[in-house]
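The figures here come from the full heavy-atom set of this structure, side chains too, leaving out hydrogens, waters and symmetry mates.
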Amino acid sequence: MTRVTDTVATGLHTTRVGDTGARVAFLHGLFGQGRNFRTIARNLEPDFASLLVDLPDHGRSPWTDRVDLEAYAERVARELEAFGDGERVHLVGHSLGGKVAMLTALHHPDLVDRLVVVDISPVPGGGTGEFEHLLRALGGLDLSRLRRRADAEEALAGPIPNPRVRAFLLQNLREGDGGWHWQANLDLLRRDLPVIGGFPDYDGPPFERPVLWVAGERSDYVRPGHAARMRELFPRTRLLTVKGAGHWVHSEQPEAFTSALRVFLSRDQAVGPRRSSSTRTSW
């Protein structure tokens, strides 16, 4: 039986799934929560025990007064240190979580075994227009007038017509004693969206361990023009493109994503998964 345990070991809220096998930690993207990877984590059992992290200003982790990707990475590093118990941990990060994962690996290579970056690049200037629109739509929702979650769903149907995206965003809506509230720090995330869309300057040594870059075929967050910087910081990189997937690769093509993870994170495998009908490799 899957063992799921919620913890707050070093300040961030985390969920542990399973207790056998190699250890792998997951970092979600903007608006997300660690539990976004729960199905993936369960499908990796019993070969992998997973740590699902709520990043600062998301989920049940504390809010901060500014978005600082390197500060986020430092907090994640403390979680990895506790989770790894003296051993390196595999680290998987999507979008915002991918940037935090990259910085964690660069600044703390002693904590990270293999790195998986999902649909984001280590370059500034990533498009944030879509996220600005989503933040504006959520911020415009009058929570005091909500009687039930369906009211929010109905109100957001116009500005956010995609039902999958609405459902993903509304996981942040919670009802408490004082009424409805957002778990994510929406005002801060909107104010600091340029920081989220950027990437800090880094001139230290590269991360020399194996890296798998997973891109969605229908997404443009990983482009050929980014390859030089990716190789500069992460020289042992293999790019995998998942067919039919957009930015949320792990939720749109979970079977292909899980298969790629399982192969890449197995210690006796070469860098990158074998090619399949649902993926293609390059570089």
Residue pair Phe257, Val118: steps toward the side-chain contact (heavy atoms from CB on, under 4.5 Å) verdict: CA-CA 10 Å; Phe257 182 77; Val118 186; 3.7 Å; yes

Are there more than 12 heavy atoms of other residues, nucleotides or ligands under 6.0 Å from atom [atom1] of [X]?
X      : atom1 : result
Arg174 : CZ    : yes
Glu232 : CD    : yes
Glu74  : CD    : yes

His107 and Tyr202: CA distance, side-chain angles, deciding distance, ring pair (Phe, Tyr, Trp, His ring centres under 6.0 Å) verdict: CA-CA 10 Å; His107 288 292; Tyr202 176 82; 5.4 Å; yes

Heavy-atom side-chain contact between [X] and [Y] under 4.5 Å:
X      : Y      : result
Phe31  : Leu96  : no
Phe207 : Leu106 : yes
Phe83  : Val53  : no
Arg66  : Arg191 : yes
Phe168 : Leu134 : no
Val17  : Phe37  : no
Glu81  : His108 : no
Thr15  : Arg38  : yes

CA sep, side-chain torsions, deciding dist, call: Phe199, Val123, side-chain contact (heavy atoms from CB on, under 4.5 Å): CA-CA 5 Å; Phe199 194 81; Val123 297; 5.8 Å; no

Distance (rounded to the nearest 0.5 Å) between [X] [atom1] and [Y] [atom2]:
X      : Y      : atom1 : atom2 : value
Ser61  : Glu79  : OG    : CD    : 7.5 Å
Leu143 : Asp151 : CG    : CG    : 11.5 Å
Gln33  : Gln183 : CD    : CD    : 5.0 Å

Aromatic plane relationship, Trp248 with His94 - under 30° parallel, 30 to 60° tilted, over 60° perpendicular: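 Ring orientation, 0 to 90° scale: tilted.
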
Geometric class of the His247/Phe131 ring pair [parallel <30°, tilted 30-60°, perpendicular >60°]: perpendicular

Sidechain-backbone polar pair: [X] side chain, [Y] backbone, donor-acceptor under 3.5 Å:
X      : Y      : result
Asp54  : Gly34  : yes
Asp192 : Val67  : yes
Asp119 : Gly216 : yes

Over all atoms of both residues, closest heavy-atom pair of Arg166 and Ile160: NH1-O, 2.8 Å

Closest contact, heavy atoms only, Ile40 versus Pro254: CD1-O, 4.1 Å

Arg42 with Glu45: basic N within carboxylate O range, under 4.0 Å: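 Salt bridge flag = no for Glu45 with Arg42.
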
Side-chain ion pair, Arg136 and Glu132, N-O less than 4.0 Å: yes

Of Leu170, Leu189, Leu169, the residue whose pairing with Trp182 passes side chain to side chain contact (heavy atoms under 4.5 Å, CB included):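 Single side chain to side chain contact (heavy atoms under 4.5 Å, CB included) partner of Trp182 among Leu170, Leu189, Leu169: Leu170.
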
Verdict with supporting geometry, Thr64 and Arg75, side-chain contact (heavy atoms from CB on, under 4.5 Å): CA-CA 12 Å; Thr64 68; Arg75 298 184 75 168; 3.9 Å; yes

side-chain hydrogen bond (donor to acceptor under 3.5 Å, both in side chains) against Thr20, all qualifying residues, sequence neighbours excluded: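 None.
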
Test salt bridge (charged side-chain N to carboxylate O under 4.0 Å, His left out) applied to Asp220 and Arg223, step by step: CA-CA 6 Å; Asp220 62 357; Arg223 305 175 187 175; 3.7 Å; yes

Worked verdict on Trp180 versus Arg149 for side-chain contact (heavy atoms from CB on, under 4.5 Å): CA-CA 9 Å; Trp180 294 92; Arg149 183 174 296 270; 3.9 Å; yes

Sole residue of Arg209, Arg88, Arg23 in side-chain hydrogen bond (donor to acceptor under 3.5 Å, both in side chains) with Asp113: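 Between Asp113 and the candidates, side-chain hydrogen bond (donor to acceptor under 3.5 Å, both in side chains) is satisfied uniquely by Arg209.
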
